Colleague: 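Right, I'll just put the structure down here and ask away after.
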Amino acid sequence: MQKKDYIDWLICEDEEKLANLWKQADEIREQRVGNPVHLRGLIEISNICTRECHYCGIAAGNEQLERYRMPEEEIMACVREAVDYHYGTVVLQAGEDFGITKEWMSGLIRRIKAETHLAVTLSLGERSDEELVAWKEAGADRYLLRFETSNRALYDRIHPPLAGEESDRIALLKRLREIGYEIGSGVMIGIPGQTYEDLANDILTFKELNLDMIGVGPYISHAGTPLGRDEAELKASPEEQVPNTEAMTYKVIALARIACPDANIPSTSALATLNTATGRELGLARGANIVMPNLTPKKYRAMYEIYPAKACIDETAADCRACMHRRILSIGRAVGSGRGDSPNKGKSAQAA
Ligand code: SAM
C-alpha cells in the first residue's frame with residue numbers, strides 16, 4: 001500500500017469496506033502469527049519522571065501525584081506471579097526515572113533471568129547508550145519506546161527534550177536494534193494537531209523500522225496536562241484532524257498488521273478505556289495478537305494514571321489474568337504459551 005491508500009482507509013467510513021479491512025487484517029494475523037494471544041505481564045515499577053511530555057499524566061510537572069518506585073522484592077513478587085500465571089514475558093515500565101540506575105536495573109534483570117525463564121521487556125524511556133548496552137548484557141530481550149508521532153514539528157511541540165539534550169526516538173530505536181534488542185514502538189492516535197497524512201506516515205515508519213512490536217492507542221486527554229488544557233487551539237482543521245476514537249484505533253491496528261504482518265501487536269489498555277465491554281476483543285479480531293495484563297500491585301495503580309479512567313485500575317493481578325483469559329477464549333482464540341518472541345527474531349539483525 002502507498003501513503004494515499006493508507007489515508008483513504010483512515011478517512012473511510014463505509015462499514016462494508018471496513019468489514020473487508022478487518023477481515024484482511026485478521027486473515028494476515030492468523031497466517032503470520034497464528035491463533036494464540038500472548039500475555040505480557042506489565043509491572044509499572046515507578047511513576048517518577050523527569051520529563052514534561054505535554055500529554056502525560058505522570059509528567060514531572062504534575063505536583064498532585066504521589067510518586068513511588070517499587071522496591072526490588074516487590075517487583076520480584078510480581079515476577080513470580082507472572083511465572084505462576086504462565087505468562088511468557090514481563091514488561092518493566094516506568095517514567096524516565098534516573099533513580100533507576102544502570103547498576104540497580106542490571107541487578108534486577110540478572111535476577112529475573114536467573115530465577116525464571118521469562119522474556120524481559122523494558123519500557124523506561126530515553127536512556128543513555130551505556131545503560132541500554134548494560135541492560136542488554138544483563139539479559140533484557142526487548143525494548144518498547146513509542147515515537148508517538150513521526151511529524152517532527154508536532155513531536156517537538158508535545159515532547160520537550162531534557163535541558164541541553166536532543167530527543168530523537170526514531171534514532172534511538174535504530175540504536176536499540178543495533179544493540180540487539182527486539183524493538184517495539186508506536187504512536188498515539190488523535191493527538192491534537194495530528195493529520196491523516198501524519199498517521200499514514202506513522203504506519204510507513206513502522207514498516208521502515210521493521211518493528212517487532214507495534215503498540216498504538218487513542219490519545220486520551222488529561223485535564224492536568226498542557227495538551228489537555230490547550231487542545232482546542234492545537235487541533236488541525238476539522239478535515240485534517242485525526243479523531244482520537246475507538247474506530248480510528250481499529251483502523252490503525254488493522255493497517256499496522258497489513259504493513260508489518262509479522263509484528264506482535266497488542267490490543268491496548270487505552271483502547272479498553274474507550275470501550276471497556278469489547279475494546280480488547282475487537283482489537284484482537286482486527287489484527288492484534290497480544291494483551292498485557294497488569295501485574296502492578298493495586299496500591300500503585302491509581303498513581304500510574306497516565307490518562308484519566310485508565311482501564312483495570314481497580315483490579316488485582318489475579319482479576320486481570322482471569323479477565324484476559326475469559327476475553328481471549330470468548331472469541332475462539334487460544335492463550336499463548338512460551339515467550340511469544342517476534343517471528344522477526346534472528347532475521348532482525350540482517351534487516352536493521
Ligand atoms: N517513560 C516511558 C516512555 O516514555 O516511553 C514509558 C512510560 S510512558 C507513560 C508510556 C506511553 O504512555 C507513552 O509512550 C505514551 O504513548 C502513552 N501515553 C502517555 N500519556 C498518554 C495519554 N494522555 N493518552 C494516551 N497515551 C498516553
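Atoms within a ligand are numbered from 1 in the order they appear, just like the ligands themselves. Predicted, not measured: the structure shown is a model, and the values here were computed from it.
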Colleague: Test side chain to side chain contact (heavy atoms under 4.5 Å, CB included) on Lys3 and Asn201; report intermediate values, then the result.
Modeller: CA-CA 7 Å; Lys3 181 156 56 172; Asn201 283 329; 3.2 Å; yes
Colleague: What protein heavy atom lies closest to atom 17 (C) of ligand 1? Include the residue and the distance to one decimal.
Modeller: Arg146 NH1, 3.9 Å
Colleague: Is it true that the NZ or CZ of Arg286 lies under 6.0 Å from the centre of Tyr250's six-membered ring and within 45 degrees of the ring axis?
Modeller: yes
Colleague: Taking a cutoff of less than 4.0 Å between a non-hydrogen atom of the residue and any ligand atom, is His222 in contact with ligand 1?
Modeller: no
Colleague: Can you tell whether the side chains of Lys298 and Glu315 come within less than 4.0 Å, N to carboxylate O?
Modeller: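 Salt bridge: no.
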Colleague: Quick check on Arg169 - does any of its heavy atoms sit under 4.0 Å from an atom of ligand 1?
Modeller: yes
Colleague: Do any N/O atoms on Tyr55 end up under 3.5 angstrom from N/O atoms on ligand 1?
Modeller: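 Yes, there is a polar N/O contact under 3.5 Å.
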Colleague: Just need the protein heavy atom nearest to atom 12 (O) of ligand 1, so name the residue and atom and give the distance.
Modeller: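 Looking at atom 12 (O) of ligand 1, the protein heavy atom closest to it is Ile306 CD1, 3.5 Å.
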Colleague: For ligand 1, is any non-hydrogen atom under 4.0 Å from Tyr307's backbone (N, CA, C, O), its side chain (CB onward), both, or neither?
Modeller: side chain
Colleague: Without swapping roles, check the side chain of Arg67 against the backbone of Ile58 for a donor-acceptor pair under 3.5 Å.
Modeller: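 Yes; at least one donor-acceptor contact below 3.5 Å.
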Colleague: Counting heavy atoms only, which of Pro218, Ala270, Gly217, Ala59 is nearest atom 25 (C) of ligand 1?
Modeller: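 It is Pro218 that holds the nearest heavy atom.
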Colleague: Under 4.0 Å, heavy atoms only, figure out whether ligand 1 is touched by the backbone of Ala94, its side chain, both or neither.
Modeller: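 For Ala94, only backbone atoms sit under 4.0 Å from ligand 1.
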Colleague: Check Asp212 with Arg142, please: is the shortest side-chain N to carboxylate O separation under 4.0 Å?
Modeller: no
Colleague: Give the residue and atom name of whichever protein heavy atom lies nearest to atom 27 (C) of ligand 1, and the separation in Å to one decimal.
Modeller: Met188 SD, 3.5 Å
Colleague: Look only at the side chain of Arg32 and the backbone of Pro261, and say whether a donor-acceptor pair between them is shorter than 3.5 Å.
Modeller: no
Colleague: If I apply the N/O under 3.5 Å rule, does Ile58 come out as touching ligand 1?
Modeller: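 Ile58 vs ligand 1: no N/O contact under 3.5 Å.
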Colleague: Of the non-hydrogen atoms in Ile43 and Cys78, which two are nearest, and what is the gap between them?
Modeller: CD1-CB, 3.6 Å
Colleague: Would you call Asp26-Lys23 a salt bridge at under 4.0 Å N-O?
Modeller: no
Colleague: For Ser123, take its heavy atoms, then give the atoms of ligand 1 lying under 4.0 Å from any of them.
Modeller: 6 (C)
Colleague: List the closest protein heavy-atom neighbour of atom 24 (N) of ligand 1: residue, atom name, distance to the nearest 0.1 Å.
Modeller: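 Protein heavy atom with the smallest distance to atom 24 (N) of ligand 1: Ile220 N, 3.0 Å.
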Colleague: State whether any protein heavy atom lies less than 4.0 Å from atom 8 (S) of ligand 1.
Modeller: no
Colleague: Going by the atom numbers of ligand 1, which of them fall below 4.0 Å from some non-hydrogen atom of Gly95?
Modeller: 1 (N)
Colleague: Any idea which protein heavy atom is nearest atom 10 (C) of ligand 1, and the distance to it?
Modeller: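 Atom 10 (C) of ligand 1 sits closest to the protein heavy atom Gln93 NE2, 4.0 Å.
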Colleague: Checking side-chain polar atoms at under 3.5 Å, does Ser150 have a donor or acceptor matched by the opposite partner on Asp202?
Modeller: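 Present: a donor and an acceptor within the cut-off.
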Colleague: Will you find, in the side chains of Glu74 and Tyr300, an N or O donor that is under 3.5 Å from an N or O acceptor?
Modeller: yes
Colleague: Does Tyr304 approach ligand 1 within less than 4.0 angstrom via side chain, backbone, both or neither, non-hydrogen atoms only?
Modeller: side chain
Colleague: Of all heavy-atom pairs between Pro218 and Thr249, which one has the smallest distance, and what is that distance?
Modeller: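 Closest approach of Pro218 to Thr249: CD-OG1, 3.6 Å.
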Colleague: Within ligand 1, which atoms have a heavy atom of Glu148 less than 4.0 Å away?
Modeller: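 So the atoms of ligand 1 that pass are 13 (C), 14 (O), 15 (C), 16 (O).
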Colleague: Taking the non-hydrogen atoms of Gly186, is any one of them nearer than 4.0 angstrom to ligand 1?
Modeller: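 Not so, Gly186 does not reach ligand 1.
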